[in-house]
Amino acid sequence: MLNRQDNELLCRVGPGTAMGEMMRRYWHPVCTSAQLPHPDSPPLRVRLLGEDYVAFRDTQGRVGVMEELCMHRGASLALGRVEEGGLRCLYHGWKFDVSGVVLETPNHADPRYRERMKAPAFPVREEGGLVWAYVGPKELQPAFSRYAFMEAEPAHRTVLRINVGCNYLQLVEGGEDSSHVGVLHTNMARPGWKDDEFEPNPDVVNPAALTTNDLEPQLKIEETAFGFQYVALRRIGREGVKNARVVPFIVPYGRVIPASAFQFTVLEVPDDDTHTSTYIIVHGNAPVAQEKIIELLGLDDPRYYDRTTCAFTATWADAFGQNRERMLENWTGLRGVEVEDAAIALSQGPLYDRSKEHLVPADQAVMRVRRVLLDSVRRVMDGKPPVGVGVDLRGVGACDAELEDGGAWQALMPAHREAAAA
Ligand code: FES
Ligand SMILES: [Fe+2]
């Protein structure tokens, strides 16, 4: 349980809030590369931490991220023309390049005027199929943290974005909650549950495919430079050995979840207090088909996911697509891993009040998420850098392995202890 005050502190991310100030100290994904598919493609409205931006790709393929409203008199640049090396406002034709240089001001053509100005553009990187921006204080811009998926061959990686209408922390907590996997994702985690028989799910791409049906994992947690790592230990029916699933929490909202042949990196980026862009990056040592991942996640029905806008469109209007007749064979009556996770997070409401919950030991990693986020906020308030900012994340991943009782679970992911600021 969390008191109301801490709940508000953790969940509110707009400008001027303590969490918002802490979050602004990191680089954030603002869209996928595929959302700006070619030079001079249409600009994209972007909402991040309660503020509005526009992203565009210029004639040379470079990406710019600027405040959405034109510095002249505030027309949305997302309606603008993208042409000849810049973004041009429709209203009076002012034109800007990706770094904010004012290239033209047709209604006041004297170059001495525009040379004195700079449009509000932000540092941008394009890495791993995502566009990243830094919108925090200029003088505190951190090193860019590289993730393992950025090192993967593009054919061995696929990137998805799903926009979900609830607070980021509900989605983060779901991701750091090992004990829900064997229950909410029962169909994939424990096929055969209906007949009380456990059969492992052979799908090497499915991160909900557990190797055991122990529903009461024992958790162990250790602090790391990027946040923490934890292990969920499950009985597998053999003396002296357990299944160990190691998952990291990367401050402020990242995790990696293991499938047997791929890793799922998930970033729950807050658009504002009640909207989140979930980025799922799947990578491994073999080709991965986006269509297969979309199906696995349950997003292959246009009623529930709009591939153009990336919106998760399931609502209470049809109970998120839940089919009660199907529930005789299917635990949730829902469609797939992400539909199950997103429907649960939405069912908690736009911003859940944690003062009413009742936690158990299986919720320890969830509690730890809150603690490390609150620590990070307090560090920023004290004039210190937030937790894990600028850390090299290339060695950070997840695993699902067997571990002898008493064995050092931390040895399963040795790079987690070595991760340090770049
Ligand atoms: S408002 Fe953009 S050019 Fe005038
Ligand atoms: Fe889940």
Side-chain angles (χ1 to χ4, degrees), residues 43 52 54 56 66-83 86-97 100-109 113-114 117-121 160 162 164 166 168-190 201 203 205-210 215 217 232 245 247 249 253-259 264-268 276 278 280 282 293 296-299 312 314 320 331-332 334-348 362-363 365-366 369 398 400:
D52 295 309
V54 61
F56 69 103
M66 300 174 61
E67 285 180 12
E68 184 193 353
L69 302 187
C70 177
M71 66 184 293
H72 175 222
R73 279 177 43 214
S76 173
L77 291 170
L79 291 172
R81 301 175 63 88
V82 192
E83 55 189 16
L87 175 60
R88 188 189 292 281
C89 180
L90 286 188
Y91 204 178
H92 312 91
W94 289 26
K95 182 176 170 185
F96 312 99
D97 82 358
V101 170
V102 185
L103 298 168
E104 290 175 34
T105 50
N107 64 347
H108 186 68
Y113 177 71
R114 66 170 182 266
M117 292 186 299
K118 185 95 195 286
L160 282 172
I162 305 112
V164 185
C166 70
Y168 81 100
L169 193 57
Q170 286 153 228
L171 297 159
V172 167
E173 290 182 351
E176 296 292 327
D177 167 17
S178 207
S179 81
H180 89 282
V181 178
V183 185
L184 177 64
H185 307 306
T186 283
N187 297 299
M188 291 151 275
R190 301 182 297 121
N201 177 351
D203 187 352
V205 182
N206 196 326
L210 295 182
L215 297 182
R245 215 168 138 91
V247 167
F249 176 60
Y253 46 56
R255 66 184 181 270
V256 185
I257 305 291
F264 284 60
T265 305
V266 187
L267 306 169
E268 308 285 5
T276 303
T278 300
I280 301 180
V282 184
I293 302 297
L296 171 81
L297 297 176
L299 299 172
F312 183 72
F320 306 98
W331 174 262
T332 61
L334 296 167
R335 293 184 47 81
V337 185
E338 173 63 17
V339 172
E340 289 171 344
D341 285 331
I344 289 295
L346 287 167
S347 79
Q348 293 175 302
D363 298 311
V366 169
V369 164
D400 190 310

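One-based numbering, in listed order, for ligands and for the atoms of each. Fair warning: this is a prediction, and the values are worked out from it, not measured in the lab.
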Of all the N, O or S atoms in H72, which one sits nearest to atom 4 (Fe) of ligand 1?
ND1
Report, in ascending order of atom number, the atoms of ligand 1 lying under 4.0 Å from any heavy atom of Y91.
1 (S), 4 (Fe)
Any luck finding a side-chain donor-acceptor pair between E68 and S76 under 3.5 Å?
yes
Find out whether I280 and I162 are in side-chain contact, i.e. whether some heavy atom of one side chain is under 4.5 Å from a heavy atom of the other.
yes
Would you say D177 reaches the Fe ion (ligand 2) with an N/O/S atom under 2.8 Å?
no
Can you list the atoms of ligand 1 that are under 4.0 Å from a heavy atom of W94?
3 (S)
Tell me whether D363 contacts the main-chain N or O of V366 through its side chain, where contact means a donor paired with an acceptor under 3.5 Å.
no
Within 2.8 Å of atom 2 (Fe) of ligand 1, is there any N, O or S atom belonging to H92?
no
Within C70, is some N, O or S atom less than 2.8 Å away from atom 2 (Fe) of ligand 1?
yes
If you look at D341, which of its N/O/S atoms is nearest to the Fe ion (ligand 2)?
OD1
In ligand 1, which numbered atoms sit nearer than 4.0 Å to a non-hydrogen atom of C89?
1 (S), 2 (Fe), 3 (S)
If you measure only the distance, is there a donor-acceptor pair under 3.5 Å linking the side chains of T105 and N107?
no
State plainly whether the residues R88 and E104 are in salt-bridge range, i.e. N to O under 4.0 Å.
yes
Step by step, would you call H180 with D341 a side-chain hydrogen bond (donor to acceptor under 3.5 Å, both in side chains)?
CA-CA 10 Å; H180 89 282; D341 285 331; 3.2 Å; yes
With a 4.0 Å cut-off on N to O distance, would you call R255 and E176 a salt bridge?
no
How open is the angle at the Fe ion (ligand 2) from atom NE2 of H180 over to atom NE2 of H185, rounded to 10 degrees?
100°
Among all protein heavy atoms in this structure, tell me which lies nearest to atom 1 (S) of ligand 1, with the distance rounded to 0.1 Å.
R73 N, 3.3 Å
